[in-house]
Amino acid sequence: MRRPSFRRALAAPAALAVTTAAVLLSTAPTAGARTAAPTVQAGRYYHTWATDVNVRVSESDPNTCGRHPSVANCPDVRERLQPGKQFYVYCQGPGQTVGGNPYWLMINSDTTTGWMASYYVAYPDNRLPDVPDCPGMGAAGNGSHTPVAAKSARPYGPYSVTAYETVNIRSQPNTSSRAFDQIQAGETRTDALCWTHGETVRDHGYTNDVWIGFTEGWASAVYLKGNEYAGLPAGAKC
């Protein structure tokens, strides 16, 4: 348990409006598009209580940071969050202990994606109750916690994806957000986590609004081999 603090309060969940558009195969053009009605997806939203909370990555080796988040393994600071800043939590896992809390979170703050110590989240317990374990990372401590992903049997990654054309990895699932990295043509990445609906991308006769989430950001499935989800299970939605 964390030490009690007047700065910490339960985070109120928010709703994320997700726009669903035409979803077509990313490996072959099709004649028609299937249009889905817009939906509203409940999100795992929390906020910070502290000042200048670092959102960290490893620009040189994202996998190192993802395997065991720490200041040393995630040396690059992408953003510093201020008190009350709301963000979306993808998953949680053990890393460097900060303030007595061994958990770290992979988050998206609307402007960037990265890792932050769970100690700085405005929630009274170390472990967030509605967030799955990050791929390849079990529960922290003595194993008394049952991984959330295991309880829900959700098909959560990591998965392998291969690019047939060089594609940017961006901070948001849209082409106007900052590009942090690239997957080169023919390169296979083994840290794909899940997929979401984002900006519809049309290129080379293909159309798709599915974006694949990696440890450092998002890539359009239009440029990845496989079906409309780049080979990820349909149930692996972020």
Distance-only, no hydrogens or angles: does the [X] side chain make a donor-acceptor pair with backbone N or O of [Y] under 3.5 Å?
X: S58; Y: C65; value: no
X: R78; Y: T112; value: no
X: D125; Y: R127; value: no
X: Y159; Y: A236; value: no

With heavy-atom distances below 4.5 Å as the criterion, would you say the side chains of [X] and [Y] are in contact?
X: D181; Y: E59; result: no
X: N73; Y: W115; result: no
X: M116; Y: T48; result: yes
X: Y120; Y: L81; result: no
X: V210; Y: T196; result: no
X: E199; Y: Q172; result: no
X: V55; Y: I107; result: yes
X: W104; Y: Q92; result: no

If the test is side-chain hydrogen bond (donor to acceptor under 3.5 Å, both in side chains), which one of N168, D203, N208 qualifies with Y223?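 When side-chain hydrogen bond (donor to acceptor under 3.5 Å, both in side chains) is applied between Y223 and each of N168, D203, N208, only D203 qualifies.
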For the residue pair [X] and [Y], what are the closest heavy atoms and their distance?
X: A163; Y: Q184; value: CB-O, 3.6 Å
X: A185; Y: T166; value: N-OG1, 3.1 Å
X: V89; Y: Y46; value: CG2-CD1, 3.9 Å
X: A192; Y: I212; value: CB-CG2, 3.8 Å
X: V131; Y: C91; value: CG1-CA, 3.4 Å
X: P69; Y: C74; value: CA-SG, 3.8 Å

Could you state the interatomic distance from [atom1] ([X]) to [atom2] ([Y]), rounded to the nearest 0.5 Å?
X: K85; Y: H47; atom1: NZ; atom2: NE2; answer: 12.5 Å
X: Q96; Y: N101; atom1: CD; atom2: CG; answer: 11.5 Å
X: I169; Y: S220; atom1: CD1; atom2: OG; answer: 12.0 Å
X: L232; Y: S160; atom1: CG; atom2: OG; answer: 9.5 Å
X: N174; Y: T200; atom1: CG; atom2: OG1; answer: 11.5 Å
X: D76; Y: S60; atom1: CG; atom2: OG; answer: 6.5 Å

Quick one: sort the Y119 and W49 rings into parallel, tilted or perpendicular, breaks at 30° and 60°.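 Rings of Y119 and W49: perpendicular, over 60°.
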Quick one: sort the Y88 and Y45 rings into parallel, tilted or perpendicular, breaks at 30° and 60°.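 Plane angle over 60°, so perpendicular.
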Taking it one step at a time, do V71 and R56 satisfy side chain to side chain contact (heavy atoms under 4.5 Å, CB included)? CA-CA 8 Å; V71 173; R56 295 178 170 274; 3.8 Å; yes
Report the C-alpha distance between S109 and E79 in whole Å, list the side-chain angles of each, state the deciding distance to 0.1 Å, and finish with yes or no for side chain to side chain donor-acceptor pair (under 3.5 Å). CA-CA 9 Å; S109 67; E79 188 176 3; 2.5 Å; yes
Near-ring test W218/Y90, centroid separation under 6.0 angstrom: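 Close enough - the centres of the two rings lie under 6.0 Å apart.
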Examine W195 together with H197 and report whether their ring centres are nearer than 6.0 Å.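 Yes, the ring centres sit under 6.0 Å apart.
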Under 3.5 Å, is there a donor on one side chain and an acceptor on the other for T162 and T188?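 Yes - a donor-acceptor pair under 3.5 Å links their side chains.
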I would like to know whether Y103 and V121 meet side chain to side chain contact (heavy atoms under 4.5 Å, CB included); could you show each step before the answer? CA-CA 11 Å; Y103 284 96; V121 179; over 6 Å; no
Could you go through the side chain to side chain donor-acceptor pair (under 3.5 Å) check for E165 and H204 one step at a time? CA-CA 11 Å; E165 184 172 316; H204 299 293; 2.9 Å; yes
Salt bridge (Lys or Arg N to Asp or Glu O under 4.0 Å) evaluation trace for R202 with D209: CA-CA 9 Å; R202 298 177 177 87; D209 74 340; over 6 Å; no
